Every structure is written in C-alpha cells, then in structure tokens.
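Positions are given from 1, in the same order as the sequence printed here. In this text the structure is predicted, and so the values were computed from the model without any measurement.
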Amino acid sequence: MRNSPHTTTTVRTLTMNTFDSPFTAASTALEVVEGIDLTGRTAVVTGAASGIGIETARALAHAGADVTIAVRDLDAGRRVADDIARSSGGAVVQVRPLDLADIAAVDRFTTEWTGPLHLLVNNAGIMMTPELHTPLGWELQFATNHLGHAALAIGLHGALAEADGARIISVSSSGHGMSDIVYEDLFFRQRPYDAGHAYGQSKTANVLLAVGATRRWEADGITANAVMPGGIWTNLQRHWDPEVLAATKARAAAAGMSAKTPQQGAATSVFAATSPLLDGVGGLYLEDCREAEVVPAIIDGVSGVRPYALDPQNADRLWEVTVDLLGEARR
C-alpha cells in the first residue's frame, strides 16, 4: 500500500534529531514522493511558474494531488500546467491568478476557493530588489514574501481546517540570517534601504509564520514548517548585480559547493508536504530534507537556522503586527 501522509494526530514541535530522514541534499522532488499517494488531496503552490515552484507542483501532481498553481503571469502558468500534464500522465493542474503584493487580489483568491485544502506551499518570492514599495507604503520584499503569504494562509484557514490534517510549507532561505524582524522600521522609512537586510527580514518572517501558524492552529490539525531549498541558481537572482552574481558563483565553485538543480531544490518543500515522518509535526526549519541545526551566529554558507527565527515570542509578536497591517490594508 502506498503511504498517505495526512493522518490526523496531535500537533507537536520536534527538537533536533527526532526523526531520521532517508533523503539528502542530492535527493529530487520526484524521489521524495516515490510511494506517496496524494489522490484526493488538494494543493496550492504559489509562484509555480518558474524555478523550484514548477518542480514542487510537478512532484505533487505526479503523486496524484489536485494542484492549483497561483501565479501573476497566467500565460506562463498555463505553459507550466501543460508541461506538468505531459510529464505526469495527464494530471490536471489548475492555474489561478495571484499577486501577493496586492491584498485585495489575495482576498479574491481565498474568497473564491471552495472545498478543503490539504497542502499550501508558500513558495513565491522576490529577492534583493531595488527599493520599491506597494501603494500602501509596504517595502516590496516584506509585502510579497511575508504579508501576502500570511494573508493567503489566514484567508484559507477554514479550507485548511476542513482538510483534516493540512500542512503549510513556508519557503524561507538561509538569507534569514541577514536580519531579524526590525519592528521599529519594517519598511525602511527611517533607515537607509538595504536590499539584503530587507530580504533577510522577509525570510525570517517566513519561518516565524510557520511557528505562529502551528501555535495557533494545532487544534485544527494544521501544521506548518519552514524550508530552506538550498543553493540554486534560478530567476530569483534576477535583481542581483551581474558582477556580484558572477563573483558569488565563482566563490561557491572554488569552495567546492555545488549548486542544486531545481528538482533537488524542490525536494525539501515536497518532503515537508508529504513525508509521513512529519505527521502532526510543526514549527520546524528544514534543509536537505531534515531538521536544520540551530546556529548562534552568522550562518556559514547555506546551513543552519538562527534562534530568533524559531522564537515563539517573536512569532507571536509578528503575528499580531501582521494581523494589524492586514486589517489596515482592508479599511
């Protein structure tokens, strides 16, 4: 019998080394879902028109899930859906519009959703953009990477609760090590804009969203975990200075650090979404299909998670600030 990863259990947050994953940094998303049956399960993957989002959606569809890819570019989304259908034996993949920087658009998506939602993969993201703000004055990386995804998860809470053991996957990054949440100046209105710090703050928020959602929604059987995909060269780096990007790639190569393929980069997201090892488990930061080590200082390379990103009080504070900001946006 193929494994089903969605047995209702009491939610618990694990500590280090409490499960032994059979997968590694070299594993691919399709390898992770081998033997997993998601027939009858629904999944939403944001930002699945490029990069690891494509491979995440492909693996979930391959395992039998009814997948909706939520994207800004519908034409690109349709091309991806057609490609997944061809590679997955005719799987039907829905495409729906979603602009995470526009809370009204997020609300339309959640209002129009019907039925239970078993898997919400908050995969979309932008990185190291020039200083840009939404019409509400929100710094764009924080608005897109965190606030839009928070609004999506909160808006879909009823559908997730209805699913009887839903999972939220919050795609973060080792970039969270560049910044904790600067509550006094979330949107760089008082301090000089720093693209790296803005990105880091948004990626810390991605982890804290997983911690906060698990703390609040465990009675509904909803778990949330954050994932670090690994070092992957995709369109995500399009805002980098070309010389900086080339130098970064050269340093990584000189250090013997091999970049992951998109198929390998999607593996940890798919592991968080489907592995029976994570039944009822929430509030973790995963990398290479296993729990990451908590590191007290600057992250070395792409490994480890900073304590502030897993701190429950920090998660509670961010949740309250987020709810307030979303409320203001709807007035």
* Intermediate values then yes/no, side-chain contact (heavy atoms from CB on, under 4.5 Å), L318 and L209 -> CA-CA 8 Å; L318 179 63; L209 178 65; 5.8 Å; no

* Go through L30 and H62 one step at a time and tell me if the side-chain contact (heavy atoms from CB on, under 4.5 Å) criterion holds. => CA-CA 8 Å; L30 288 177; H62 183 82; 3.8 Å; yes

* **Verdict with reasoning, I222 to T214, per side-chain contact (heavy atoms from CB on, under 4.5 Å)** => CA-CA 7 Å; I222 299 169; T214 297; over 6 Å; no

* Asked: Is there a side-chain contact (heavy atoms from CB on, under 4.5 Å) between F142 and T134 once you walk through the steps?
  -> CA-CA 10 Å; F142 195 80; T134 72; over 6 Å; no

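Taking CZ from R290 and CG from L277, the interatomic distance works out to 10.0 Å, rounded to the nearest 0.5 Å. F271 contributes atom CZ, which lies 11.0 Å from atom CG of D288 (distance to the nearest 0.5 angstrom). To the nearest 0.5 Å, atom CG of residue L140 and atom OG1 of residue T144 are 4.0 Å apart. We find the CD-CD distance between Q263 and E55 to be 4.0 Å, quoted to the nearest 0.5 Å. Taken to the nearest 0.5 Å, the CG atom of L286 stands 6.0 Å off from the CG atom of L278. Between atom OG of residue S174 and atom CZ of residue R306 there is a gap of 12.0 Å, rounded to the nearest 0.5 Å.
Between T68 and V95, the closest side-chain pair of non-hydrogen atoms is not below 4.5 Å. With contacts defined as side-chain heavy-atom distances shorter than 4.5 Å, the pair L98/L152 qualifies. Counting only heavy atoms from C-beta outward, the side chains of L119 and L117 never approach each other to under 4.5 Å. Looking at L186 and L325, their side chains come closer than 4.5 Å, going by heavy atoms from C-beta outward. Contact annotation: the side chain of T322 never approaches that of D324 to less than 4.5 Å [non-hydrogen atoms, C-beta and beyond]. Put simply, the side chain of V171 reaches to within 4.5 Å of the side chain of P229, judged on heavy atoms. The shortest distance between side-chain heavy atoms of E293 and V305 does not fall below 4.5 Å. When side chains are defined from C-beta on, L208 counts as touching I181, because their heavy atoms get closer than 4.5 Å.
In terms of hydrophobic clustering, with Ile, Leu, Val, Met, Phe, Trp and Tyr side chains grouped at heavy-atom distances under 4.5 Å, Y183 and L147 are assigned to a common cluster. Residues V182 and L310 are members of separate hydrophobic clusters, defined by side-chain heavy-atom contacts under 4.5 angstrom among Ile, Leu, Val, Met, Phe, Trp and Tyr. Using a 4.5 Å cut-off between side-chain heavy atoms of Ile, Leu, Val, Met, Phe, Trp and Tyr, with links allowed through other members, V294 and Y308 fall into different hydrophobic clusters. Under the 4.5 Å side-chain heavy-atom criterion for grouping Ile, Leu, Val, Met, Phe, Trp and Tyr, I168 is connected to V323 within one hydrophobic cluster.
The two atoms that bring V44 and A70 nearest to each other are CG1-CB, 4.3 Å, heavy atoms only. Taking both residues in full, the closest heavy atoms of V211 and G283 are given as CG2-O, 4.0 Å, listed atom of the first, atom of the second, then distance. Closest approach of V227 and A272 over heavy atoms only: CG1-CB, 3.8 Å. Closest heavy-atom contact between T274 and I36: O-CD1, 3.8 Å. Among all heavy-atom pairs drawn from A43 and L60, the shortest one is CB-CD1, 4.0 Å. Smallest separation of non-hydrogen atoms from E31 and T28: OE1-N, 2.9 Å.
Put simply, the side chain of S88 never gets that close to the backbone of A85: no donor and acceptor are under 3.5 Å apart. Checked by atom type and distance alone, the side chain of R189 pairs as donor or acceptor with a backbone atom of G137 at under 3.5 Å.
Take D66 and apply the side chain to side chain donor-acceptor pair (under 3.5 Å) test, not counting sequence neighbours, and it matches no residue.
Side-chain contact of S172 with N206: a donor-acceptor pair under 3.5 Å is absent, judged by distance alone. A side-chain donor-acceptor contact under 3.5 Å links R58 and S87. Of the N and O atoms on the side chains of D180 and N314, at least one donor lies less than 3.5 Å from an acceptor on the other residue. With no hydrogens or angles considered, no side-chain donor-acceptor pair links S170 and H149 at under 3.5 Å. Between the side chains of T42 and H118, at least one donor N or O lies within less than 3.5 Å of an accepting N or O.
Between R167 and the choices T223, D279, N225, the side chain to side chain donor-acceptor pair (under 3.5 Å) rule is met once, by D279.
When ring centroids are compared, H133 and W138 stay outside the 6.0 Å threshold.
Members clustered with F188: Y193, by chain and number, using a 4.5 Å side-chain heavy-atom cutoff among hydrophobic residues.
Electrostatic pairing of D316 and R216 counts as a salt bridge here, judged by a charged N lying under 4.0 Å from a carboxylate O. By the 4.0 Å N-to-carboxylate-O rule, D75 lies close enough to R78 to be salt-bridged with it.
Among pairs with a residue in residues 99-123, those fulfilling salt bridge (charged side-chain N to carboxylate O under 4.0 Å, His left out) read R96-E112, D107-R330, at least two apart in sequence or across chains.
By the neighbour-count criterion of 12 heavy atoms within 6.0 Å, atom CD of E328 is densely surrounded, having more than that number from other residues, nucleotides or ligands.
Using cut-offs of 30° and 60° for the angle between ring planes, the F109 and W113 rings count as parallel.
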